Enquirer: 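Starting off with a structure, shown below.
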Amino acid sequence: MNARQHFEALLAHLNAELQAGEGFTLEYQAEASDFIRFNHARVRQAGQVQQVYATLALYQGERHGDFELALSGVIDDDRPRLDQALQRLRAVLPTLVDDPYLRLNREAWRSETAAGEAVQQSDAAIAQIVEASAGLDLVGFYAAGPQYQGFASSWGAFGWHAASSFNFEFSLFHENGQAVKSSYAGERWDTQAFARKLAFAREQLEHLGKPAHELKPGAYRAYLTPAALEELFGLFAWGFSAEALATGGSPLQRLFAGSASLSDKVTLDERIEGGLAPAFTREGPRQPLRLVSQGKPGERLVSSRSAAEHGLIANGAGSGEYPFSLHLHGGELEEGEILQRLGTGLYIGNLWYANFSDLPAGRLTGMTRFATFWVEDGRIQAPVDTMRFDDSLFDFLGANLEALTRDPELLLPSGTYGARQTSSMALPGALLSRFTLTL
């Protein structure tokens, strides 16, 4: 029995057990993932995880509760577990009060998507990694495989999503202890694409043996790679939440209030196609949203609860109102022209420890990480020691944004806490006329 058949069998069993006055929703999540760890360019740990989880929510009028359970994937073993969860919820619901902001979607919607369903060729990918990195001090983590998500309700809603992807994060270490960090992710492993990634990381590694270029605090021209931008977008993307904006707690408050704007080069979407996330949430089908249009505020992420509380119209956002599949449109800067256009300034490959230094003003702070280089006349000259930055997103995505690279890069989260994630970002690199380092 495959994952979809298992999900449909659980759904059929619940429909048969439903009593008068009850309704339910069933969320389903499964994966069969390969996990490979590398050290000194060799496989040091390899394994596979197969797991299935379901969350059953029971409704009686305006009262509701939910129960998460781990399943085996064998329907004869899982029916009794589902029955036990159902009985526990029936015992709890009479003790609860009505939920005044419950706006349950009782429509019989249907959504079925498949993103990159092809089976991942992990053996071929691992063989290329080992062969191509021979002689290098490579440390890395490879995760790949299919993931499945389902949603159904007693009112006829049905959503099914299957996605298969890989994500390989790796670092090349110099004998002096410095490192270059890189990643390669997508739906289908491409040997040439990985070879280009590794070749560029090798090139950067050679520069790490040079004496560091000492910088004083100040504002510098800079190029931020897609990976560096991901750290920043991951920090403020929750600011598109309708709840955060309605309560004045969003770092994008000034943008939506009209007191600040971004560069007209910035157009940002929450997309459905092109990402790995399902086209639905427990709220219903997701909608493609234009969050920023040429620097101007667009739509916000509105869940049904926020819609009820603040008089808005829900648009399929999840309960957390966080984007699943951000897409920053590319610009006119070609990859081969980055250093030439930068001229003299900083090439920043990664950022970390990012946080808000002034949330209402949209100011972010953090540290440069791994390979950050000083560039003169379009050529990398030397590495730069770790520096702290402090800058406003209304500056580096506003007046200080000179150009974006043409082709956004698909970036997948490396977190595996509980399960592999299906969120993603597609981001270009950004050339800035000023980026502020404080120490």
Side-chain angles (χ1 to χ4, degrees), residues 1-33 49-93 96 99 102-115 117 145-164 272 276-286 303-304 314 316-319 324 418-422:
M1 177 175 286
N2 62 33
R4 176 162 179 162
Q5 291 170 335
H6 182 239
F7 174 60
E8 291 178 337
L10 294 173
L11 176 60
H13 180 70
L14 279 174
N15 277 319
E17 296 296 315
L18 201 64
Q19 297 179 358
E22 292 181 339
F24 71 81
T25 63
L26 180 67
E27 294 177 82
Y28 184 93
Q29 184 176 7
E31 67 174 312
S33 297
V49 171
Q50 297 187 34
Q51 60 178 358
V52 183
Y53 287 92
T55 300
L56 172 64
L58 187 65
Y59 297 85
Q60 294 176 350
E62 302 301 305
R63 300 178 181 182
H64 61 96
D66 57 57
F67 192 99
E68 182 180 15
L69 58 162
L71 301 175
S72 68
V74 178
I75 190 61
D76 290 339
D77 295 335
D78 292 334
R79 286 194 190 100
R81 299 174 184 175
L82 200 59
D83 287 338
Q84 186 180 40
L86 187 60
Q87 294 307 319
R88 289 187 179 183
L89 289 171
R90 281 173 175 158
V92 168
L93 257 59
L96 304 179
D99 183 349
L102 178 64
R103 296 295 185 273
L104 190 63
N105 187 340
R106 291 180 170 85
E107 296 179 5
W109 55 266
R110 193 172 186 90
S111 173
E112 298 185 45
T113 56
E117 280 192 290
Q147 297 165 271
Y148 307 97
Q149 290 178 264
F151 178 87
S153 77
S154 55
W155 298 279
F158 182 88
W160 181 254
H161 178 73
S164 185
I272 306 299
L276 296 177
F280 56 86
T281 69
R282 66 187 304 173
E283 304 271 350
R286 291 170 53 216
S303 67
S304 61
S319 57
F324 293 105
R420 287 170 58 215
Q421 308 302 303
T422 56

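Everything numeric here is computed off the predicted structure, so don't read it as measured data.
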Enquirer: Keeping R63 on the side-chain end and L96 on the backbone end, is there a donor-acceptor pair under 3.5 Å?
Expert: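 Flag set: sc R63 to bb L96 pair under 3.5 Å.
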Enquirer: So do R81 and S72 actually touch side chain to side chain, heavy atoms under 4.5 Å?
Expert: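 A side-chain contact exists here, since the closest heavy-atom pair is under 4.5 Å.
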Enquirer: Which word best sums up how the rings of Y59 and W155 line up, parallel for under 30°, tilted for 30 to 60°, or perpendicular for over 60°?
Expert: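 The rings of Y59 and W155 stand perpendicular, inter-plane angle above 60°.
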Enquirer: So does R420 get a backbone contact from the side chain of Q147, meaning a donor-acceptor N/O pair under 3.5 Å?
Expert: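 Yes, Q147 side chain to R420 backbone: donor-acceptor pair under 3.5 Å.
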Enquirer: Would you confirm whether Q5, through its side chain, and N2, through its main-chain N or O, come within 3.5 Å as a donor-acceptor pair?
Expert: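 Yes, because the side chain of Q5 sits within donor-acceptor range (under 3.5 Å) of the backbone of N2.
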Enquirer: Once you measure the plane-to-plane angle for F151 and W109, does it fall in the parallel (<30°), tilted (30-60°) or perpendicular (>60°) bin?
Expert: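 If you compare the ring of F151 with that of W109, the planes turn out parallel.
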Enquirer: Any side-chain heavy atom of H6 within less than 4.5 Å of one from I75?
Expert: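 Contact flag for H6/I75 side chains = yes.
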Enquirer: Going by atom types alone, do E68 and T55 pair a side-chain donor with an acceptor below 3.5 Å?
Expert: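 T55 and E68 do not have a side-chain donor-acceptor pair below 3.5 Å.
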Enquirer: Apply the test side chain to side chain contact (heavy atoms under 4.5 Å, CB included) to residues L86 and L58: give CA-CA distance (whole Å), side-chain angles for both, the deciding distance (0.1 Å), then the verdict.
Expert: CA-CA 8 Å; L86 187 60; L58 187 65; 4.0 Å; yes
Enquirer: What are the two closest heavy atoms between D78 and G73, and how far apart are they?
Expert: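 That closest heavy-atom pairing would be OD2-N, 2.9 Å.
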Enquirer: We want to know whether H13 and D83 form a side-chain donor-acceptor pair, criterion being a heavy-atom distance below 3.5 angstrom.
Expert: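 The criterion, which ignores hydrogens and geometry beyond distance, is satisfied for D83 and H13.
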Enquirer: Quick check: are there more than 12 heavy atoms from other residues, nucleotides or ligands sitting under 6.0 Å from CD of E107?
Expert: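 Open: at most 12 neighbouring heavy atoms sit under 6.0 Å from CD of E107.
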Enquirer: Would you confirm whether R103, through its side chain, and S303, through its main-chain N or O, come within 3.5 Å as a donor-acceptor pair?
Expert: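 Not confirmed, R103 side chain does not pair with S303 backbone.
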Enquirer: Using only atom types and a distance under 3.5 Å, with no angle test, would you say the side chain of Q60 pairs donor to acceptor with the backbone of E22?
Expert: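 Not at all, since once roles are kept as given, no pair shorter than 3.5 Å links the two residues.
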Enquirer: Which word best sums up how the rings of H161 and F280 line up, parallel for under 30°, tilted for 30 to 60°, or perpendicular for over 60°?
Expert: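 The arrangement is perpendicular - the two ring planes meet at more than 60°.
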Enquirer: Does a donor on one side chain sit under 3.5 Å from an acceptor on the other, for Q50 and E31?
Expert: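 Looking only at side-chain atoms, E31 and Q50 do not form any donor-acceptor pair under 3.5 Å.
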